[in-house]
Amino acid sequence: MEVPGTQNYIPDELIDRVKNRADIVEIIAGYLSLTKSGENYKGLCPFHSEKTPSFVVSPKKQIFHCFGCGTGGNIFHFMMKIDNLGFPEAVTSVGKRYGITLSDKKKDHKGSPVQKERDLLYQVNNAAMVYYQENLYDYETGCKTMEYLTKKRGLNAEIIQRFGLGYARNSWDGLFSHMAKRGWAPSVLELSGLILKRNDKSGYYDRFRNRVVFPIRDITGRVIGFGGRSLDDSLPKYINSPETPIYIKGKNLYCLDKAKEGVNREDGLIIVEGYFDALRLHQEGLRNVVATLGTALTSSHLEMIKRFTQRVYLVFDPDPAGIKAAIRTVGLFIDYDISAAVVSLPEGNDPDSFVDRFGREKFEEALRGSKQVIDFALCFMMKDINSNEIDKKKTLLKEIIPLVLRIENSVEKTHYLRLIADRLGIEERFLMEDLHRTSKGVRAKNHEQHIEINSSRAPKDEEILVALMINNKIPAERIRGEIGTEDLTHPDLRAIFRSILESTGLHNEVRLEYIIQQNMDNQEIISYLSKLSLSDIQIDYTNIEGNIRDCISRLRRRRLEKDIMDIDIEIKKAEEERDYTSLRRLQEVKMKKLKIDYSRS
């Protein structure tokens with residue numbers, strides 16, 4: 001049977017092959033940090049902001065469900081949601097990870113135009129990376145650049161190779177000519193940002209020329225853009241690819257694809273500002289380091305970071321710009337409940353030069369001596385104020401109070417209020433009054449999103465009955481003769497119940513994958529199914545038979561009450577139309593229904 005919807009051009013046997021080979025825990029662990037919890041795994045949901053993990057992954061059932069926002073499904077649903085893919089692209093993406101090629105024929109690929117464009121950009125970036133690497137390893141063209149990297153910047157061959165560094169030749173159209181000869185259209189190269197159109201429209205020229213090139217990868221390791229550092233100190237010293245459909249600076253961090261593996265081992269993520277800072281620290285064995293891409297940290301960055309850790313170390317340059325960059329992050333870290341600390345290095349040092357002079361041990365010592373970002377910000381903001389500068393104090397409080405308001409923990413909030421009051425020479429009670437007045441005018445930002453799966457919640461007895469059947473706690477045949485699909489009131493539960501009966505008609509037990517397949521293109525049903533399968537509802541498994549009898553009884557009564565209501569509507573209509581024949585018939589039917597109701601009471 002083919003999967004319904006736009007994905008039906010992929011043969012079922014190939015979908016099953018990918019699904020049976022894939023491990024949902026392994027795939028999802030590449031996007032967020034998972035912790036073992038009984039027979040399942042838990043983590044912070046990547047689809048909404050939360051402080052307590054409610055995202056559950058079941059290796060046994062190969063499904064996931066978030067009990068905070070309601071999203072759920074199998075590995076394909078996860079990939080569709082996390083990478084914004086269609087079903088065919090999700091199957092193809094998972095298949096590639098396990099060496100399964102779905103089709104060798106280009107004509108068989110019927111992905112959306114948007115996905116085709118994205119695929120082309122990944123491919124052209126990868127081809128460009130190979131070209132830049134070949135330049136670097138070519139003795140004639142790359143000798144001086146390799147010498148710069150190894151002798152002047154102190155990188156070893158292993159790091160250069162592992163991070164895919166390359167060299168853009170000192171030529172106006174070296175990349176363009178190379179790629180054009182291999183069939184790449186100028187429009188694709190221009191969209192990727194690798195080339196630019198000449199002012200006189202006479203042709204194109206390379207964006208990166210005479211530069212060390214740093215491939216920028218997304219969280220899964222795909223090349224999405226490049227950074228370039230000039231070799232002759234021409235300005236600008238650093239340039240990056242422009243934003244494209246696959247490269248958004250505010251949503252990506254340099255080295256995160258490598259650093260995510262070291263975050264759990266090192267208990268936190270180190271964020272630096274430069275490519276060489278990140279590479280030197282990785283070379284020193286600190287594998288939990290990332291770099292920003294020429295932009296301030298954003299909420300998208302923090303949402304991504306929180307998938308892996310709740311501890312961050314900021315190592316920004318100790319100059320005014322670096323200090324201000326650290327201060328700007330305070331509110332974000334408070335909102336996302338991430339513990340962030342600022343690592344202070346001696347003036348004139350960045351992480352690259354610091355480890356070059358003092359080594360890894362001294363850098364780790366600086367990490368241990370780091371100061372919480374809000375402490376750092378408050379101390380810096382208050383350092384130049386003396387007791388007589390009333391206007392400066394008032395201005396400062398306008399900046400500080402909104403930050404303190406965002407702190408939810410009352411002990412932590414009181415600590416900072418006392419710190420501020422003491423430093424500014426203000427009585428704490430006056431500061432509390434000011435805080436109270438300000439809080440009245442501020443609507444607290446709520447980052448916890450709770451999305452109802454369906455606007456009308458199903459009766460609990462219906463959920464219990466279907467959950468018992470999904471989890472094979474009761475044979476479907478036990479229920480088949482007792483109630484029918486029409487006895488359930490909730491439309492999604494009716495669809496799931498129907499698929500259960502079909503599944504057991506084909507197999508000896510309920511097959512979760514069959515039900516998912518039957519409802520693949522209905523995300524609400526899939527999310528409801530994953531929720532019931534992972535038992536968010538309270539079920540007394542010690543008295544299953546009693547549960548079944550109670551549920552069936554309530555379902556029958558509800559169905560009977562609905563039938564009687566429908567008959568009453570028909571009776572009223574017959575009375576208005578003076579259709580006495582229909583009226584007598586309807587009254588007889590109603591009496592029979594009432595007798596059934598009486599006999600069951």
Within the 6.0 Å centroid threshold, strictly below: [X] and [Y]:
X: His65; Y: Phe67; answer: yes
X: Phe78; Y: Tyr31; answer: yes
X: Phe208; Y: Phe214; answer: no
X: Phe76; Y: Phe87; answer: yes

Regarding [X] and [Y], is there a side-chain donor-to-acceptor distance under 3.5 Å anywhere?
X: Ser353; Y: Asp350; value: yes
X: Gln62; Y: Ser58; value: no
X: Arg153; Y: Tyr148; value: yes

So how far is it from [X] [atom1] to [Y] [atom2], rounded to the nearest 0.5 Å?
X: Leu235; Y: Ser230; atom1: CG; atom2: OG; value: 7.0 Å
X: Ile224; Y: Asn126; atom1: CD1; atom2: CG; value: 13.0 Å
X: Ile338; Y: Leu297; atom1: CD1; atom2: CG; value: 9.5 Å
X: Glu303; Y: Phe47; atom1: CD; atom2: CZ; value: 11.5 Å
X: Lys36; Y: Tyr41; atom1: NZ; atom2: OH; value: 5.0 Å
X: Asn288; Y: Leu256; atom1: CG; atom2: CG; value: 11.0 Å

Looking at side-chain heavy atoms only, is the closest gap between [X] and [Y] below 4.5 Å?
X: Cys66; Y: His48; result: yes
X: Leu121; Y: Asp119; result: no
X: Arg307; Y: Ile82; result: yes
X: Val130; Y: Glu134; result: yes
X: Lys42; Y: Thr35; result: no
X: Leu149; Y: Leu136; result: yes
X: Leu345; Y: Phe316; result: no
X: Tyr204; Y: Leu196; result: no

Among Thr220, Val18, Asp23, which one satisfies side chain to side chain contact (heavy atoms under 4.5 Å, CB included) with Arg97?
Thr220

Distance-only, no hydrogens or angles: does the [X] side chain make a donor-acceptor pair with backbone N or O of [Y] under 3.5 Å?
X: Glu513; Y: Lys61; result: no
X: Asp138; Y: Thr141; result: yes
X: Arg229; Y: Val212; result: no
X: Asp277; Y: Ala291; result: no
X: Thr292; Y: Ala296; result: no
X: Arg209; Y: Trp172; result: no
X: Ser177; Y: Gly174; result: no
X: Lys260; Y: Leu32; result: no
X: Glu365; Y: Gly369; result: no
X: Asp375; Y: Lys371; result: no

With a cut-off of 3.5 Å and sequence neighbours excluded, list every side-chain donor-acceptor pair involving residues 157-167.
{"from": "Glu158", "atom 1": "OE2", "to": "Arg162", "atom 2": "NE", "distance (Å)": "3.0"}
{"from": "Tyr167", "atom 1": "OH", "to": "Asn210", "atom 2": "OD1", "distance (Å)": "3.4"}

Minimum heavy-atom distance between [X] and [Y], given as atom pair plus value:
X: Phe55; Y: Glu50; result: N-OE2, 4.0 Å
X: Pro245; Y: Glu117; result: CG-OE1, 3.4 Å
X: Ser54; Y: Gly68; result: OG-N, 3.4 Å
X: Arg211; Y: Gly228; result: NH1-O, 3.4 Å
X: Ser171; Y: Asp206; result: O-OD2, 4.0 Å
X: Val315; Y: Pro351; result: CG1-CG, 3.6 Å

Run the side-chain contact (heavy atoms from CB on, under 4.5 Å) check on Ile305 and Ile271 step by step: do they pass?
CA-CA 10 Å; Ile305 288 167; Ile271 303 177; 3.9 Å; yes

Any idea how Phe226 and Tyr132 line up, ring-wise: parallel (<30°), tilted (30 to 60°), or perpendicular (>60°)?
perpendicular

Verify side-chain contact (heavy atoms from CB on, under 4.5 Å) between Ser339 and Gln372, making sure each step is shown before the conclusion.
CA-CA 7 Å; Ser339 173; Gln372 284 296 305; 3.5 Å; yes

Would you please name every residue forming a side chain to side chain donor-acceptor pair (under 3.5 Å) with Gln523, sequence neighbours left out?
Ser527

What's the verdict on side-chain contact (heavy atoms from CB on, under 4.5 Å) for Leu120 and Trp184, showing C-alpha distance, side-chain angles and the deciding distance?
CA-CA 10 Å; Leu120 276 175; Trp184 286 100; 4.0 Å; yes

Using the side-chain contact (heavy atoms from CB on, under 4.5 Å) rule, take Val213 and Asn135 through it: C-alpha gap first, then chi angles, then the decisive distance, then the call.
CA-CA 10 Å; Val213 176; Asn135 289 344; over 6 Å; no

Between Lys19 and Asp16 (salt bridge meaning N to carboxylate O under 4.0 Å), is one present in this structure?
yes

Taking only Lys NZ, Arg NE, NH1 and NH2, and the carboxylate oxygens of Asp or Glu, determine whether Asp337 and Lys51 approach each other closer than 4.0 Å.
no

Pairs touching residues 236-257 that satisfy side-chain hydrogen bond (donor to acceptor under 3.5 Å, both in side chains), sequence neighbours left out
Asn240-Tyr275

Might you confirm whether atom [atom1] of [X] has over 12 heavy atoms from other residues, nucleotides or ligands at distances under 6.0 Å?
X: Arg311; atom1: CZ; answer: no
X: Asp232; atom1: CG; answer: yes
X: Arg222; atom1: CZ; answer: yes

Apply side chain to side chain donor-acceptor pair (under 3.5 Å) to residues Glu89 and Ser93 and explain how you reach the verdict.
CA-CA 6 Å; Glu89 292 81 23; Ser93 176; over 6 Å; no

